[in-house]
Amino acid sequence: MAASPPSSSAPWRLVIHGGSGRMERGRIAEADEAEIRAALGRALGAGETILAGGGTALDAVEAAVKVLEDDPHFNAGRGSVFTYEGRIEMDAAIMDGRDRNAGAVSGVTATRNPISLARAVMADSPHVFLSREGADRFSRDEGLPQEEPGYFEIAERRRQLDELRGRPESEQFDVHLKYGTVGAVAVDAAGHVAAATSTGGLTGKRWGRIGDSPIIGAGCFADDRACAVSSTGAGEYFLRIGVAHEIAARMKYGGESAQAAADAVMAEVKALGGTGGVIVVAPDGSGAFSFNTPGMYRGTASAGSRTVAIYGDEGGERCAR
Ligand code: ASP
């Protein structure tokens, strides 16, 4: 769909996350913390360049997510977590709020940037969701950059898998042994929203497990009549609630603000026993972070302002206007 010409009066905004979890002061090495903050800043910069130049929210969220997929600190693209069998199987989804066009992939193994594959599914296939071998084949057919397994594999992720496999079977579902699913939501100067989410999933996932991240309405959703949402956390809970669509529905039908809707749905996730967080932007330029974990890698940018944060007690974590 062709972009509408930007109406310079609308405020653009970009909000990103790099996963939620037990990010507490002292748990993250200083050098890693600096690199993570720098990567979040680069991701904001990539999206900002597009939005400030009158580009689309869709291009901005893809560009921001690609930066985080390329950075090994995050559980997406390079640096994805390992399955129980020691493989990398990545999931991603993207959605355009203008027409609710969407694309998603699950269990892909070789595409350097799964978010671009999700976008290709949206733009170049008659489908919304492709999985595993078929998605890998479509990626090659589309000519997207491919990588050998060694490109994605990071020693720390292997250590996390070894730790998990050393535990009794009943303790092997541990949402804390990951960190770093990535996502971006944006509203552009024309008032259109878009969302993108990309992940390696959960360490030690088995049996072709799929989480919320690539599911339209759970880990990713965008609708110009409401908002754009990207989720991170214990996917099994986000799936059962349909978190991203639920936030949009509260805003669309109940007239709630982005922050109120996000907080209410995250309270539901918590009530079921789930942990994680969401980022939201609305067509009016307002936005929200909401998370029930000690921290969330996150950032927001709008004309003339940029904030990056990790810990729950850092200022700037709520971004409502
Ligand atoms: N939501 C992702 C999943 O369940 C994991 C995460 O966000 O950390 O696959």
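For clarity, every value in this text was computed on a predicted model and none was experimentally measured. Numbering of ligands and ligand atoms starts at 1, following listing order.
Under the 4.0 Å criterion applied to side-chain N and carboxylate O atoms, Arg119 and Asp59 are assigned as salt-bridge partners. In summary, Glu236 and Lys205 do not engage in a salt bridge, as defined by a charged side-chain N under 4.0 Å from a carboxylate O. The pair Asp313-Arg25 counts as a salt bridge, with a side-chain nitrogen and a carboxylate oxygen less than 4.0 angstrom apart. A salt bridge does not link Arg157 with Glu153: every distance from a Lys NZ or Arg NE/NH1/NH2 to an Asp or Glu carboxylate oxygen is 4.0 Å or more.
Checked options Glu69, Glu148, Glu147; the residue passing with Arg112 is Glu147 (criterion: salt bridge (Lys or Arg N to Asp or Glu O under 4.0 Å)).
The distance criterion of under 3.5 Å between nitrogen or oxygen atoms is met by Thr232 with respect to ligand 1. Close N/O approach between Asn75 and ligand 1 is not found [any backbone or side-chain N/O within under 3.5 Å].
The closest non-hydrogen atom to atom 3 (C) of ligand 1, taken over Met90, His17, Glu236, Arg209, comes from Arg209. Considering each of Gly201, Gly233, Gly183, the one bringing a non-hydrogen atom nearest atom 2 (C) of ligand 1 is Gly233.
Contact annotation: Gly219 has no heavy atom less than 4.0 Å from any atom of ligand 1.
Taking every non-hydrogen atom of Asp212 and a distance limit under 4.0 Å, the qualifying atoms of ligand 1 come out as 1 (N), 2 (C), 3 (C), 4 (O). In the vicinity of Thr181, heavy-atom distances shorter than 4.0 Å reach the ligand 1 atoms 2 (C), 5 (C), 6 (C), 7 (O), 8 (O). Interface atoms of ligand 1 facing Gly235, defined by a heavy-atom separation under 4.0 Å, are 4 (O).
Using a 3.5 Å distance cut-off with no hydrogens or angles, the side chains of Thr199 and Asp91 do not pair a donor with an acceptor.
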